[in-house]
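Nothing fancy with the numbering, it's 1 onward along the sequence. Since the model is a prediction, treat every value here as computed from it, not as a measurement. Heavy-atom basis, side chains included; hydrogens, waters and symmetry copies ignored.
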Amino acid sequence: MTVGPAESGRLSFVTLQQFLDQLPPLLKPLHDGGSGGRLLRWVEPSELEDPTPYLPEGEFLLTAGLPFLGDGGTPARVDAYVRRLVEAEVAALGFGIRPYFDAVPDVVLDACRRHNLTLFEVPESLPFAAIGLQFSQFLETDNARVFRQLAETNRQLMRAVLSPRPEHELLAALVQRVPVWAVMVGADGRVRARGTSAGGSTAVELSLLEPMLERLLSGRGPRVEMDGFDLPGSALVVGHPLRSTKDANLGALVLGSDVPLTPAQNNVVQSAVGLLELLVRQRTSGSLAPSQLATAVLLHPESLTAGGTRHVNGLKDLLAQSLSSTRSAPMRVVQGINVEAPQWPAGDGPVRELLQWRRMLDTKLVEITDYGFAAVTRLRVDDALLADVEKLGWRLVVGEPTELAGLSAAYQRATSLRGQVQRSGQSIRAEEVSWSVTGLLGREAGTLLAERLLQPVLALEPDRRHPLLAVLRGWLSENGSWDASAKLLGLHRNSVRRQIGVLGELLQMDLNQAQVRAELWIALQYADSLAGRAD
């Protein structure tokens with residue numbers, strides 16, 4: 001049997017037209033009911049007056065006309081016979097010539113046209129047994145083709161699993177072999193990968209899938225959820241849960257098509273579901289890459305910067321596997337602070353939280369700390385993910401993109417911002433921070449510093465407080481130069497010297513020390529709000 005390019009690439013089924021193409025050109029089509037593309041399950045001769053109780057859907061029924069002899073040939077009886085065949089979803093009717101009829105009766109042809117049932121005239125030279133034998137041989141050949149395709153498809157799925165972007169490649173292989181669109185979502189309900197069908201149909205809006213996803217992600221055990229939409233490629237939508245070995249929901253695979261899938265196509269879908277479950281399980285618990293990476297870094301920390309190219313590339317590969325990423329993709333350090341409940345829940349321990357952050361940040365590199373957690377992730381941590389994290393009572397320091405050699409410095413920069421998050425209760429992105437003392441200190445800490453250092457001056461009456469603060473600010477801005485500060489302030493240098501002496505006594509500080517001057521200068525950046533509050 002020859003298989004065309006389209007058939008060889010996509011797992012399909014035996015259609016009526018495919019079978020007719022294998023037969024000698026002896027069948028005479030009398031009416032085309034448009035069923036050439038329908039699934040053909042079997043070829044069956046029957047001379048029963050009503051064979052439908054014994055016919056499966058998609059049958060090619062053969063009759064020599066015995067049911068139409070005598071009273072069975074009346075228009076009403078023939079019409080009822082054909083109507084029953086159509087209701088039983090028979091694919092086509094073959095009417096054999098002789099021994100009962102020399103031609104197909106007009107009443108049969110009229111009924112087939114009326115009910116749109118495909119009708120063929122079978123000549124005496126083509127026995128029914130020969131048609132049945134031809135179909136069984138064709139089916140056997142087609143089954144062999146399907147088995148070969150299944151083997152090749154499984155190899156393609158396995159290659160996808162081993163690729164740098166396994167979920168995306170696996171869905172691409174799936175939609176190439178099965179006429180569906182595909183969407184994979186994580187446990188948080190967000191899309192992780194998509195596949196567009198060969199016909200160009202794309203997934204429906206995620207909002208339409210939310211009821212199905214809610215059922216999938218809240219249920220238990222192996223199951224499928226079904227729905228349908230009046231949209232191209234979405235008449236039949238099927239959802240499969242992706243589960244851990246402990247039956248925790250790690251995500252879901254949703255597929256859409258316009259027609260039911262064949263057994264072979266369902267076999268491929270089940271293989272894809274199994275492989276996706278393996279991938280999401282490995283992401284949260286099963287990969288060996290993190291332990292290899294940790295061992296290498298613990299025993300040879302200098303190898304991050306001083307190791308040979310081959311060794312460094314090996315570490316990058318292990319890091320990429322731990323992040324479900326590629327060697328060249330940037331990564332970020334993320335620190336999480338639980339501002340609402342700093343302690344772990346009693347008796348619960350950090351394991352559940354650890355797995356939660358692994359899933360949400362799509363990484364195996366998560367460390368539980370005394371303040372919350374630290375993680376290395378390939379995700380950008382967009383606003384939607386940040387909002388989900390904050391709903392759980394957490395705030396994040398999201399680091400800048402970096403590479404392997406810069407991870408330690410990125411961690412230190414994130415650590416320097418953690419105090420600001422703890423004081424303000426607001427998440428921070430390192431890319432948006434002004435890297436200055438005041439920027440890193442934050443308004444809350446800066447105001448507290450000003451209140452502590454400048455309290456004796458801030459407690460004075462406004463007409464005394466404001467001139468002293470102005471002199472201190474001017475004198476510090478000119479690096480303690482009497483002449484320069486006098487000129488800046490419009491005062492005599494002796495007046496400046498006298499008022500600085502007063503300030504030193506009030507503050508009980510040695511203003512000649514550089515550290516004291518630096519701290520006062522920083523405190524002055526936040527003094528205006530305190531002075532205004534005192535007024």
- prompt: Which distance, rounded to the nearest 0.5 Å, do you find between the CG of L476 and the CD1 of I500?
  reply: 6.5 Å

message: Assess the residue pair R378 and T363 against the criterion (side-chain contact (heavy atoms from CB on, under 4.5 Å)); give the C-alpha distance rounded to whole Å, side-chain angles, the decisive distance to 0.1 Å, and a yes or no.
response: CA-CA 8 Å; R378 65 180 174 83; T363 178; over 6 Å; no

- line: Sorted by chain and residue number, the ring pair (Phe, Tyr, Trp, His ring centres under 6.0 Å) partners of W482 (sequence neighbours excluded) come out as W475

message: Could you check whether E400 pairs with R413 (Lys NZ or Arg NE/NH1/NH2 to Asp/Glu carboxylate O, under 4.0 Å)?
response: yes

query: Under 4.5 Å between any side-chain heavy atoms of V376 and L361, yes or no?
result: no

- request: Enter the distance from N338:CG to W394:CH2 here, rounded to the nearest 0.5 Å.
  value: 4.5 Å

message: Can you give me the closest heavy-atom contact between V180 and S257, atom names plus distance?
response: CG1-CB, 3.9 Å

- prompt: For R223, does the CZ atom sit with more than 12 other heavy atoms under 6.0 Å from it, leaving out its own atoms?
  reply: yes

message: Just verifying a value: how many Å separate L174 CG and L276 CG, rounded to the nearest 0.5 Å?
response: 8.5 Å

message: With a 6.0 Å cut-off (strictly less than), is the heavy-atom count around CD of Q412, excluding the residue itself, greater than 12?
response: yes

query: Given M184 and L242, is the side-chain contact (heavy atoms from CB on, under 4.5 Å) satisfied, shown in steps?
result: CA-CA 9 Å; M184 176 190 171; L242 305 176; 4.1 Å; yes

- line: Minimal heavy-atom distance between G189 and L213, with the atoms involved, is O-CD1, 4.5 Å

- prompt: Is any side-chain heavy atom of R395 less than 4.5 Å from a side-chain heavy atom of V389?
  reply: no

- request: Evaluate the criterion side-chain contact (heavy atoms from CB on, under 4.5 Å) for residue pair L488 and S477; output intermediate values, then yes/no.
  value: CA-CA 10 Å; L488 175 67; S477 70; 3.6 Å; yes

query: Which is it for V516 and L520 under the side-chain contact (heavy atoms from CB on, under 4.5 Å) test, yes or no, and what are the steps along the way?
result: CA-CA 6 Å; V516 171; L520 287 173; 3.9 Å; yes

message: For R517, is there an ion pair with D510 - N to carboxylate O distance below 4.0 angstrom?
response: no

message: Any non-hydrogen side-chain atom of V398 less than 4.5 Å from a side-chain atom of R332?
response: yes

message: Salt bridge check, E431 against R380: does any charged N sit closer than 4.0 Å to a carboxylate O?
response: no

- prompt: Which atom names give the shortest non-hydrogen contact between D258 and A235, and what distance separates them?
  reply: OD1-N, 3.4 Å

field: Flag if over 12 foreign heavy atoms under 6.0 Å of CD, E214
entry: no

query: Can you tell if the side chain of E277 reaches within under 4.5 Å of the side chain of L250, non-hydrogen atoms only?
result: no

- line: Residue pairs meeting side-chain hydrogen bond (donor to acceptor under 3.5 Å, both in side chains), one or both in residues 226-236, sequence neighbours left out, come to W181-S234

task: Report yes if some heavy atom in the side chain of N249 is under 4.5 Å from a heavy atom in the side chain of L216; otherwise report no.
output: no

query: Is V502 close to R464 at the side-chain level, that is, under 4.5 Å between some pair of heavy atoms?
result: yes

query: Does any non-hydrogen side-chain atom of D388 lie less than 4.5 Å from one of R190?
result: yes

query: Does any pair with a residue in residues 490-509 pass side-chain hydrogen bond (donor to acceptor under 3.5 Å, both in side chains), and if so which ones, sequence neighbours excluded?
result: D483-R493

field: Which atom of L379 lies closest to which atom of L385, heavy atoms considered
entry: CD1-CD2, 4.0 Å

task: Identify the residue among I337, V334, T415 that makes a side chain to side chain contact (heavy atoms under 4.5 Å, CB included) with V397.
output: I337

- request: Kindly give the heavy-atom pair with the smallest separation between E390 and S427, and that separation in Å.
  value: OE2-OG, 2.7 Å

query: Taking the side chain as C-beta and beyond, is there a heavy-atom pair between E225 and V238 under 4.5 Å?
result: no

